[in-house]
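Structure first, then comments.
Below, read A as the first sequence line, B as the second, and so on, with proteins coming before strands; counting in each chain starts at 1.
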Amino acid sequence: MQKFSFNRRLVIIIVCLIVSFALMTVSVAIRNKKSTPPLIQQFGNDIVGLTDRVVALPANGLSGSVSSISELLNTYQENQQLKKQVSELAQTKVRDQTLAKENKQLKQQIKLNDSLTDYTAISAAVITRTPSSWQNQVVINKGSSAGVVKNMPVMSGSGLVGRVAEVNKTNSKVELITDNNDSANRFAVSITTKAGKTVNGVLSGYKSATGQIVMDNLTTKSKISKGDKVVTSGLGGVTPKGLFVGTVAKSVGSDYGLSTKLYITPATDLSNLNIVTVAVTKQ
Amino acid sequence: MYRLSKMRFGFPIGLFLLLFIDGSISQIFSRQMFNTPSVMVSHLVVLWLVCGVLFEENMAMPLVKWAAVIGAVFDLYYTGIFGVYIFVFPLVVYLTRQLVNYISPNFLSGLLIYFIDITIVEALSFVASRAVHMTSMSGSSFLVNTLGPTLAFNLAMFVILYFPIRWVYNWLK
(Lines give C-alpha, C1' and ligand atoms only; values in the text may rest on other atoms or scores of the structure.)
Protein backbone atom coordinates (compact mmCIF):
# COMPACT_ATOMS: atom_id res chain seq x y z
CA MET A 1 0.00 0.00 0.00
CA GLN A 2 2.85 2.33 0.90
CA LYS A 3 4.54 1.60 -2.44
CA PHE A 4 1.31 2.18 -4.34
CA SER A 5 0.78 5.64 -2.86
CA PHE A 6 4.40 6.60 -3.64
CA ASN A 7 3.95 5.52 -7.24
CA ARG A 8 0.71 7.44 -7.51
CA ARG A 9 2.41 10.60 -6.26
CA LEU A 10 5.20 10.16 -8.82
CA VAL A 11 2.65 9.73 -11.61
CA ILE A 12 0.82 12.89 -10.50
CA ILE A 13 4.08 14.87 -10.47
CA ILE A 14 5.08 13.67 -13.94
CA VAL A 15 1.61 14.35 -15.39
CA CYS A 16 1.65 17.86 -13.87
CA LEU A 17 5.10 18.53 -15.38
CA ILE A 18 4.04 17.37 -18.84
CA VAL A 19 0.78 19.36 -18.73
CA SER A 20 2.67 22.44 -17.50
CA PHE A 21 5.21 22.31 -20.31
CA ALA A 22 2.49 21.65 -22.89
CA LEU A 23 0.48 24.67 -21.68
CA MET A 24 3.57 26.88 -21.64
CA THR A 25 4.59 25.88 -25.15
CA VAL A 26 1.08 26.43 -26.51
CA SER A 27 0.72 29.85 -24.88
CA VAL A 28 4.15 31.00 -26.10
CA ALA A 29 3.27 29.83 -29.62
CA ILE A 30 -0.06 31.70 -29.49
CA ARG A 31 1.68 34.80 -28.14
CA ASN A 32 4.22 34.76 -30.97
CA LYS A 33 1.91 33.93 -33.87
CA LYS A 34 -1.68 35.06 -33.25
CA SER A 35 -2.61 38.73 -33.15
CA THR A 36 -5.00 38.26 -30.21
CA PRO A 37 -5.15 35.61 -27.45
CA PRO A 38 -8.04 33.07 -27.40
CA LEU A 39 -11.47 34.54 -26.65
CA ILE A 40 -11.73 32.96 -23.18
CA GLN A 41 -8.37 34.41 -22.17
CA GLN A 42 -9.36 37.85 -23.50
CA PHE A 43 -12.64 37.72 -21.58
CA GLY A 44 -10.92 36.64 -18.35
CA ASN A 45 -8.25 39.31 -18.71
CA ASP A 46 -10.90 41.99 -19.29
CA ILE A 47 -12.79 41.04 -16.13
CA VAL A 48 -9.62 40.83 -14.02
CA GLY A 49 -8.44 44.13 -15.52
CA LEU A 50 -11.69 45.86 -14.56
CA THR A 51 -11.50 44.59 -10.96
CA ASP A 52 -7.86 45.56 -10.78
CA ARG A 53 -8.79 49.17 -11.51
CA VAL A 54 -10.66 49.27 -8.17
CA VAL A 55 -7.35 48.63 -6.40
CA ALA A 56 -4.96 50.31 -8.84
CA LEU A 57 -6.72 53.67 -9.23
CA PRO A 58 -6.59 54.67 -5.52
CA ALA A 59 -3.02 53.32 -5.22
CA ASN A 60 -1.78 55.21 -8.28
CA GLY A 61 -3.65 58.33 -7.16
CA LEU A 62 -2.01 58.19 -3.74
CA SER A 63 1.45 57.80 -5.24
CA GLY A 64 0.69 60.67 -7.63
CA SER A 65 -0.20 63.01 -4.78
CA VAL A 66 2.91 62.02 -2.80
CA SER A 67 5.19 62.66 -5.77
CA SER A 68 3.48 65.98 -6.50
CA ILE A 69 4.27 67.15 -2.95
CA SER A 70 7.93 66.22 -3.38
CA GLU A 71 7.98 67.95 -6.76
CA LEU A 72 6.60 71.12 -5.17
CA LEU A 73 9.87 71.58 -3.28
CA ASN A 74 12.02 72.17 -6.35
CA THR A 75 9.38 73.94 -8.42
CA TYR A 76 11.02 77.38 -8.25
CA GLN A 77 14.34 76.33 -9.79
CA GLU A 78 12.59 74.23 -12.40
CA ASN A 79 10.34 77.13 -13.32
CA GLN A 80 13.27 79.42 -14.06
CA GLN A 81 14.96 76.82 -16.24
CA LEU A 82 11.76 76.03 -18.10
CA LYS A 83 11.01 79.70 -18.83
CA LYS A 84 14.21 79.89 -20.86
CA GLN A 85 13.29 76.77 -22.81
CA VAL A 86 9.72 77.91 -23.51
CA SER A 87 10.77 80.93 -25.55
CA GLU A 88 12.95 78.73 -27.74
CA LEU A 89 10.20 76.14 -28.01
CA ALA A 90 7.64 78.62 -29.34
CA GLN A 91 9.95 79.44 -32.24
CA THR A 92 10.53 75.76 -33.01
CA LYS A 93 6.82 75.04 -32.88
CA VAL A 94 5.94 77.75 -35.40
CA ARG A 95 8.69 76.53 -37.71
CA ASP A 96 7.45 72.95 -37.24
CA GLN A 97 3.92 73.97 -38.24
CA THR A 98 5.15 75.71 -41.37
CA LEU A 99 7.27 72.74 -42.33
CA ALA A 100 4.43 70.28 -41.73
CA LYS A 101 2.16 72.37 -43.95
CA GLU A 102 4.77 72.61 -46.67
CA ASN A 103 5.40 68.87 -46.40
CA LYS A 104 1.69 68.18 -46.86
CA GLN A 105 1.50 70.39 -49.94
CA LEU A 106 4.56 68.76 -51.47
CA LYS A 107 3.11 65.31 -50.80
CA GLN A 108 -0.09 66.34 -52.56
CA GLN A 109 1.88 67.47 -55.59
CA ILE A 110 3.59 64.11 -56.02
CA LYS A 111 0.35 62.30 -55.06
CA LEU A 112 1.87 60.55 -52.04
CA ASN A 113 -0.79 59.82 -49.42
CA ASP A 114 0.87 58.11 -46.47
CA SER A 115 4.56 58.02 -45.79
CA LEU A 116 6.45 56.14 -43.10
CA THR A 117 6.38 59.06 -40.69
CA ASP A 118 2.58 59.28 -40.44
CA TYR A 119 0.99 58.00 -37.28
CA THR A 120 -1.80 58.84 -34.86
CA ALA A 121 -1.44 58.49 -31.12
CA ILE A 122 -3.58 56.74 -28.50
CA SER A 123 -2.69 57.76 -24.97
CA ALA A 124 -3.21 55.24 -22.20
CA ALA A 125 -2.60 54.99 -18.47
CA VAL A 126 -0.54 52.23 -16.90
CA ILE A 127 -2.73 50.13 -14.58
CA THR A 128 -0.20 47.75 -13.12
CA ARG A 129 3.13 46.07 -13.64
CA THR A 130 3.93 42.35 -13.78
CA PRO A 131 5.50 41.31 -10.47
CA SER A 132 8.18 39.19 -12.11
CA SER A 133 11.88 39.66 -12.61
CA TRP A 134 12.13 38.30 -16.16
CA GLN A 135 9.16 39.97 -17.72
CA ASN A 136 9.40 43.73 -17.75
CA GLN A 137 5.81 44.18 -18.71
CA VAL A 138 3.09 46.71 -17.87
CA VAL A 139 -0.68 46.51 -18.36
CA ILE A 140 -2.27 49.59 -19.96
CA ASN A 141 -5.94 50.57 -19.96
CA LYS A 142 -6.57 50.63 -23.72
CA GLY A 143 -7.28 47.57 -25.82
CA SER A 144 -8.57 46.48 -29.20
CA SER A 145 -11.77 48.51 -28.74
CA ALA A 146 -9.65 51.69 -28.72
CA GLY A 147 -7.73 50.58 -31.82
CA VAL A 148 -4.63 49.03 -30.28
CA VAL A 149 -3.13 46.23 -32.40
CA LYS A 150 -0.38 43.81 -31.43
CA ASN A 151 3.26 44.85 -32.11
CA MET A 152 2.49 48.59 -32.14
CA PRO A 153 5.30 50.68 -30.64
CA VAL A 154 4.68 52.40 -27.29
CA MET A 155 6.23 55.71 -26.24
CA SER A 156 6.46 57.63 -23.01
CA GLY A 157 7.80 61.14 -22.51
CA SER A 158 10.24 61.77 -25.33
CA GLY A 159 11.11 58.27 -26.43
CA LEU A 160 10.28 54.70 -27.29
CA VAL A 161 9.63 52.36 -24.33
CA GLY A 162 8.37 49.10 -25.80
CA ARG A 163 5.86 47.27 -27.91
CA VAL A 164 2.36 45.86 -27.43
CA ALA A 165 2.65 42.13 -26.71
CA GLU A 166 -0.93 41.07 -26.07
CA VAL A 167 -4.23 42.80 -26.84
CA ASN A 168 -7.52 42.24 -25.01
CA LYS A 169 -10.74 44.20 -25.44
CA THR A 170 -10.15 46.82 -22.74
CA ASN A 171 -6.53 46.36 -21.70
CA SER A 172 -3.26 45.24 -23.24
CA LYS A 173 0.21 44.18 -22.15
CA VAL A 174 3.29 46.16 -23.16
CA GLU A 175 6.72 44.54 -23.22
CA LEU A 176 9.36 47.13 -22.34
CA ILE A 177 12.66 47.34 -24.21
CA THR A 178 14.42 46.47 -20.95
CA ASP A 179 13.02 42.96 -21.34
CA ASN A 180 15.72 40.58 -22.48
CA ASN A 181 13.72 37.83 -24.16
CA ASP A 182 14.05 36.76 -27.78
CA SER A 183 11.49 39.11 -29.30
CA ALA A 184 10.99 42.12 -27.03
CA ASN A 185 13.31 44.79 -28.35
CA ARG A 186 14.03 44.08 -32.00
CA PHE A 187 13.28 47.51 -33.43
CA ALA A 188 14.63 48.62 -36.80
CA VAL A 189 16.49 51.88 -36.17
CA SER A 190 18.67 54.31 -38.07
CA ILE A 191 21.39 56.69 -36.97
CA THR A 192 22.37 59.87 -38.78
CA THR A 193 26.07 60.48 -38.22
CA LYS A 194 27.79 63.86 -37.92
CA ALA A 195 29.02 63.48 -41.51
CA GLY A 196 25.42 63.14 -42.71
CA LYS A 197 25.50 59.41 -43.50
CA THR A 198 22.57 57.19 -42.45
CA VAL A 199 23.32 53.87 -40.74
CA ASN A 200 20.54 51.27 -40.46
CA GLY A 201 20.38 48.42 -37.99
CA VAL A 202 18.34 46.47 -35.47
CA LEU A 203 18.37 46.78 -31.67
CA SER A 204 19.57 43.52 -30.19
CA GLY A 205 19.34 43.61 -26.42
CA TYR A 206 19.52 45.45 -23.14
CA LYS A 207 22.44 45.62 -20.76
CA SER A 208 20.87 45.76 -17.33
CA ALA A 209 24.11 46.49 -15.45
CA THR A 210 24.44 49.94 -17.06
CA GLY A 211 20.84 50.49 -18.23
CA GLN A 212 21.79 50.81 -21.89
CA ILE A 213 20.26 49.42 -25.07
CA VAL A 214 22.65 47.33 -27.17
CA MET A 215 22.84 47.40 -30.97
CA ASP A 216 25.11 44.74 -32.39
CA ASN A 217 26.40 43.54 -35.80
CA LEU A 218 26.89 46.91 -37.49
CA THR A 219 29.20 46.61 -40.49
CA THR A 220 29.42 50.26 -41.46
CA LYS A 221 32.58 52.15 -42.36
CA SER A 222 31.17 55.55 -41.35
CA LYS A 223 32.17 56.89 -37.98
CA ILE A 224 29.48 56.90 -35.32
CA SER A 225 30.29 59.22 -32.45
CA LYS A 226 28.97 59.70 -28.96
CA GLY A 227 25.75 61.74 -28.84
CA ASP A 228 24.42 60.72 -32.26
CA LYS A 229 20.64 60.35 -32.19
CA VAL A 230 19.02 56.96 -32.74
CA VAL A 231 15.49 56.93 -34.23
CA THR A 232 13.27 54.17 -35.60
CA SER A 233 13.71 53.70 -39.33
CA GLY A 234 10.15 52.63 -40.18
CA LEU A 235 11.41 49.64 -42.13
CA GLY A 236 9.72 46.26 -41.88
CA GLY A 237 6.58 46.35 -39.79
CA VAL A 238 4.13 48.54 -37.96
CA THR A 239 6.65 50.94 -36.40
CA PRO A 240 6.50 54.44 -37.95
CA LYS A 241 9.65 56.32 -38.91
CA GLY A 242 11.21 58.88 -36.64
CA LEU A 243 10.39 57.74 -33.09
CA PHE A 244 13.24 58.79 -30.82
CA VAL A 245 15.01 55.84 -29.13
CA GLY A 246 18.03 57.41 -27.48
CA THR A 247 21.52 58.75 -27.99
CA VAL A 248 24.71 56.77 -28.64
CA ALA A 249 26.74 56.42 -25.45
CA LYS A 250 29.62 54.26 -26.63
CA SER A 251 30.79 52.62 -29.84
CA VAL A 252 33.06 49.60 -29.51
CA GLY A 253 34.25 46.71 -31.67
CA SER A 254 32.16 43.56 -31.21
CA ASP A 255 33.42 40.40 -29.52
CA TYR A 256 35.05 38.98 -32.68
CA GLY A 257 36.31 42.30 -34.02
CA LEU A 258 34.40 42.06 -37.28
CA SER A 259 31.58 44.50 -36.63
CA THR A 260 30.68 47.46 -34.45
CA LYS A 261 28.63 47.32 -31.27
CA LEU A 262 26.78 50.38 -29.97
CA TYR A 263 25.54 51.19 -26.49
CA ILE A 264 22.54 53.54 -26.51
CA THR A 265 21.27 55.59 -23.58
CA PRO A 266 17.43 55.42 -23.63
CA ALA A 267 15.61 58.73 -24.10
CA THR A 268 13.14 58.17 -21.26
CA ASP A 269 13.30 56.91 -17.71
CA LEU A 270 12.08 53.35 -18.25
CA SER A 271 11.51 52.58 -14.58
CA ASN A 272 8.86 55.22 -14.06
CA LEU A 273 5.94 54.91 -16.48
CA ASN A 274 2.51 56.36 -15.73
CA ILE A 275 1.10 57.61 -19.01
CA VAL A 276 2.15 56.04 -22.30
CA THR A 277 1.33 56.68 -25.95
CA VAL A 278 0.63 53.94 -28.49
CA ALA A 279 1.64 54.93 -32.03
CA VAL A 280 -0.86 53.78 -34.64
CA THR A 281 0.27 53.64 -38.25
CA LYS A 282 -2.18 53.66 -41.13
CA GLN A 283 -2.00 50.42 -43.08
CA MET B 1 -16.59 24.76 10.16
CA TYR B 2 -15.24 26.42 7.00
CA ARG B 3 -18.64 26.58 5.34
CA LEU B 4 -20.20 28.41 8.28
CA SER B 5 -17.49 31.03 8.86
CA LYS B 6 -16.76 34.43 7.36
CA MET B 7 -13.59 32.80 6.01
CA ARG B 8 -15.56 31.39 3.09
CA PHE B 9 -15.81 34.86 1.54
CA GLY B 10 -13.00 36.62 3.37
CA PHE B 11 -10.24 34.31 2.17
CA PRO B 12 -10.80 34.70 -1.62
CA ILE B 13 -11.35 38.46 -1.26
CA GLY B 14 -8.03 38.81 0.58
CA LEU B 15 -6.35 36.61 -2.01
CA PHE B 16 -7.46 38.72 -4.98
CA LEU B 17 -6.80 41.98 -3.12
CA LEU B 18 -3.20 40.96 -2.43
CA LEU B 19 -2.78 39.81 -6.04
CA PHE B 20 -3.68 43.30 -7.25
CA ILE B 21 -1.62 44.97 -4.52
CA ASP B 22 1.40 42.96 -5.75
CA GLY B 23 1.02 44.56 -9.17
CA SER B 24 0.37 48.04 -7.78
CA ILE B 25 3.43 47.88 -5.51
CA SER B 26 5.54 46.84 -8.50
CA GLN B 27 4.15 49.74 -10.53
CA ILE B 28 4.40 52.47 -7.87
CA PHE B 29 7.81 51.49 -6.49
CA SER B 30 9.19 50.32 -9.85
CA ARG B 31 12.10 52.74 -9.55
CA GLN B 32 13.21 51.15 -6.28
CA MET B 33 12.21 47.52 -6.93
CA PHE B 34 13.26 47.11 -10.54
CA ASN B 35 16.46 49.05 -10.07
CA THR B 36 18.48 46.97 -12.53
CA PRO B 37 20.45 44.77 -12.25
CA SER B 38 19.04 43.75 -8.85
CA VAL B 39 15.30 43.09 -8.85
CA MET B 40 12.89 42.64 -5.96
CA VAL B 41 9.65 40.81 -6.70
CA SER B 42 6.71 41.16 -4.35
CA HIS B 43 4.91 37.89 -3.51
CA LEU B 44 2.15 38.95 -1.10
CA VAL B 45 -0.19 36.34 -2.62
CA VAL B 46 2.18 33.60 -1.49
CA LEU B 47 2.26 35.22 1.96
CA TRP B 48 -1.55 35.06 2.18
CA LEU B 49 -1.58 31.38 1.08
CA VAL B 50 1.22 30.37 3.48
CA CYS B 51 -0.47 32.22 6.35
CA GLY B 52 -3.64 30.31 5.41
CA VAL B 53 -1.77 27.06 6.14
CA LEU B 54 -0.09 28.41 9.28
CA PHE B 55 -3.33 29.69 10.88
CA GLU B 56 -5.58 26.95 9.51
CA GLU B 57 -5.46 24.68 12.63
CA ASN B 58 -8.37 22.25 12.22
CA MET B 59 -10.43 24.30 9.83
CA ALA B 60 -9.74 22.31 6.60
CA MET B 61 -9.74 25.17 4.10
CA PRO B 62 -9.68 24.36 0.33
CA LEU B 63 -6.30 26.06 -0.02
CA VAL B 64 -4.92 23.98 -2.90
CA LYS B 65 -7.96 24.75 -5.08
CA TRP B 66 -7.74 28.49 -4.39
CA ALA B 67 -3.98 28.40 -5.02
CA ALA B 68 -4.62 26.88 -8.46
CA VAL B 69 -7.31 29.51 -9.21
CA ILE B 70 -5.12 32.44 -8.21
CA GLY B 71 -2.18 30.88 -10.08
CA ALA B 72 -4.29 30.74 -13.24
CA VAL B 73 -5.33 34.39 -12.85
CA PHE B 74 -1.70 35.37 -12.22
CA ASP B 75 -0.59 33.54 -15.38
CA LEU B 76 -3.27 35.02 -17.61
CA TYR B 77 -3.37 38.58 -16.33
CA TYR B 78 0.23 39.30 -15.36
CA THR B 79 2.60 37.11 -17.35
CA GLY B 80 0.53 35.94 -20.34
CA ILE B 81 2.36 32.58 -20.21
CA PHE B 82 -0.19 30.02 -19.01
CA GLY B 83 0.97 26.97 -17.03
CA VAL B 84 3.61 28.23 -14.58
CA TYR B 85 2.06 29.64 -11.40
CA ILE B 86 -1.07 27.51 -11.77
CA PHE B 87 1.16 24.59 -10.69
CA VAL B 88 3.69 26.45 -8.52
CA PHE B 89 1.18 27.97 -6.04
CA PRO B 90 -0.60 24.65 -5.22
CA LEU B 91 2.82 23.01 -4.87
CA VAL B 92 3.82 25.67 -2.33
CA VAL B 93 0.62 25.10 -0.32
CA TYR B 94 1.17 21.31 -0.37
CA LEU B 95 4.79 21.71 0.69
CA THR B 96 3.92 24.11 3.50
CA ARG B 97 1.32 21.63 4.81
CA GLN B 98 3.97 18.89 4.82
CA LEU B 99 6.42 21.13 6.69
CA VAL B 100 3.81 22.20 9.25
CA ASN B 101 3.38 18.50 10.12
CA TYR B 102 7.01 18.41 11.28
CA ILE B 103 7.47 21.93 12.67
CA SER B 104 4.79 23.48 14.85
CA PRO B 105 3.90 26.83 13.30
CA ASN B 106 4.91 29.99 15.13
CA PHE B 107 6.47 33.29 14.06
CA LEU B 108 10.07 32.05 13.70
CA SER B 109 9.34 28.69 12.12
CA GLY B 110 6.88 30.48 9.83
CA LEU B 111 9.73 32.73 8.71
CA LEU B 112 11.81 29.65 7.93
CA ILE B 113 8.97 28.00 6.00
CA TYR B 114 8.30 31.21 4.06
CA PHE B 115 12.01 31.41 3.17
CA ILE B 116 11.81 27.92 1.62
CA ASP B 117 8.55 28.73 -0.18
CA ILE B 118 9.81 31.94 -1.79
CA THR B 119 12.99 30.16 -2.91
CA ILE B 120 10.87 27.45 -4.56
CA VAL B 121 8.51 29.93 -6.25
CA GLU B 122 11.38 31.97 -7.69
CA ALA B 123 13.51 28.95 -8.68
CA LEU B 124 10.67 27.13 -10.45
CA SER B 125 9.51 30.23 -12.32
CA PHE B 126 13.13 30.85 -13.35
CA VAL B 127 13.46 27.28 -14.68
CA ALA B 128 10.15 27.63 -16.55
CA SER B 129 11.15 30.99 -18.06
CA ARG B 130 14.48 29.60 -19.17
CA ALA B 131 12.71 26.61 -20.75
CA VAL B 132 10.46 28.78 -22.94
CA HIS B 133 13.15 31.41 -23.67
CA MET B 134 11.47 34.22 -21.76
CA THR B 135 14.81 35.11 -20.21
CA SER B 136 18.47 34.59 -20.94
CA MET B 137 19.64 35.21 -17.37
CA SER B 138 22.35 32.88 -16.10
CA GLY B 139 21.90 30.78 -12.96
CA SER B 140 24.50 32.64 -10.93
CA SER B 141 23.12 36.07 -11.76
CA PHE B 142 19.66 34.74 -10.88
CA LEU B 143 20.92 33.87 -7.38
CA VAL B 144 22.64 37.22 -6.83
CA ASN B 145 20.40 39.68 -8.66
CA THR B 146 16.93 38.22 -8.23
CA LEU B 147 16.71 35.60 -5.51
CA GLY B 148 18.71 37.50 -2.89
CA PRO B 149 16.84 40.85 -3.05
CA THR B 150 13.49 39.08 -3.47
CA LEU B 151 14.06 36.99 -0.33
CA ALA B 152 15.09 40.10 1.60
CA PHE B 153 11.98 42.02 0.53
CA ASN B 154 9.54 39.18 1.13
CA LEU B 155 10.96 38.18 4.52
CA ALA B 156 10.71 41.82 5.58
CA MET B 157 7.08 41.78 4.43
CA PHE B 158 6.50 38.57 6.44
CA VAL B 159 7.89 40.22 9.59
CA ILE B 160 5.73 43.33 9.08
CA LEU B 161 2.51 41.58 8.06
CA TYR B 162 2.57 38.36 10.17
CA PHE B 163 0.66 39.79 13.14
CA PRO B 164 -1.84 41.91 11.11
CA ILE B 165 -2.67 38.87 8.93
CA ARG B 166 -3.06 36.65 12.03
CA TRP B 167 -5.48 39.22 13.42
CA VAL B 168 -7.45 39.17 10.16
CA TYR B 169 -7.59 35.36 10.12
CA ASN B 170 -8.76 35.22 13.74
CA TRP B 171 -11.45 37.78 12.94
CA LEU B 172 -12.59 35.77 9.91
CA LYS B 173 -12.82 32.46 11.81
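If you measure heavy-atom distances from A/Thr210 to chain B, you find no contacts under 4.5 Å at all. Heavy atoms closer than 4.5 Å to chain A are found in both the backbone and the side chain of B/Glu122. Residue B/Phe16: no heavy atom, backbone or side chain, is found under 4.5 Å from chain A. Only the backbone of A/Leu273 has a heavy atom closer than 4.5 Å to any heavy atom of chain B. Contact of B/Ser129 with chain A is made through the side chain alone, with heavy-atom distances under 4.5 Å. Neither the backbone nor the side chain of B/Ala72 has a heavy atom closer than 4.5 Å to any heavy atom of chain A. Heavy atoms of B/Phe82 lying under 4.5 Å from chain A belong to its backbone as well as its side chain. For A/Val48, the parts sitting under 4.5 Å from any heavy atom of chain B are the backbone and the side chain alike.
Highest contact tally toward chain A, considering only B/Ala128, B/Ser42, B/Gly80, is held by B/Gly80 [criterion: heavy-atom pairs under 4.5 Å]. Heavy-atom pairs under 4.5 Å with chain B were tallied for A/Lys207, A/Lys173, A/Glu166; the largest tally goes to A/Lys173. Interface summary for chain A: among B/Ile81, B/Thr79, B/Val41, the most heavy-atom pairs under 4.5 angstrom belong to B/Thr79. Most heavy-atom pairs under 4.5 Å with chain B: of the set A/Ala165, A/Gly49, A/Pro37, A/Gly205, this distinction falls to A/Gly49. For the set B/Ile21, B/Ile25, B/Leu76, the entry with the most heavy-atom pairs within less than 4.5 Å of chain A is B/Leu76.
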Practice task
Any chance you could lay out the side chain to side chain contact (heavy atoms under 4.5 Å, CB included) test for B/Phe20 and A/Val54, step after step, and finish with the verdict?
Solution key: CA-CA 9 Å; B/Phe20 295 142; A/Val54 179; over 6 Å; no
Practice task
Could you check B/Asp117 against B/Leu95 for side chain to side chain contact (heavy atoms under 4.5 Å, CB included), going step by step and ending with a plain yes or no?
Solution key: CA-CA 8 Å; B/Asp117 288 338; B/Leu95 202 88; 4.0 Å; yes
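In summary, of the residues considered (A/Thr130, A/Asn45, A/Asp52), a side-chain hydrogen bond (donor to acceptor under 3.5 Å, both in side chains) with B/Tyr77 occurs for A/Asp52 alone. No option in B/Ile116, B/Val88, B/Leu91 other than B/Val88 meets the side-chain contact (heavy atoms from CB on, under 4.5 Å) test with B/Val121.
A/Tyr206 and A/Asp179 are not linked by any side-chain donor-acceptor pair at a separation below 3.5 angstrom, with hydrogens and angles left out of the test. Looking only at atom types and distance, the side chain of A/Asn168 has no donor-acceptor partner in the side chain of A/Gln41 under 3.5 Å away.
Nearest heavy-atom pair across B/Val64 and B/Pro90 is CG1-CB, 3.9 Å.
Classification of the B/His43-B/Tyr85 ring pair by plane angle, with boundaries at 30° and 60°, yields tilted.
For a heavy-atom cut-off of 4.5 Å, chain A lies close to B/Phe142, B/Thr146 in residues 139-173 of chain B.
For CD of B/Gln98, the number of neighbouring non-hydrogen atoms (other residues, nucleotides, ligands) closer than 6.0 Å is greater than 12. Within 6.0 Å of the CZ atom in A/Phe43, the count of heavy atoms belonging to other residues, nucleotides or ligands does not exceed 12.
The CZ atom of A/Arg129 lies 13.0 Å from the OG atom of B/Ser24; values are rounded to the nearest 0.5 Å.
Taking the side chain as every heavy atom from C-beta outward, A/Thr239 and A/Phe187 approach each other to under 4.5 Å.
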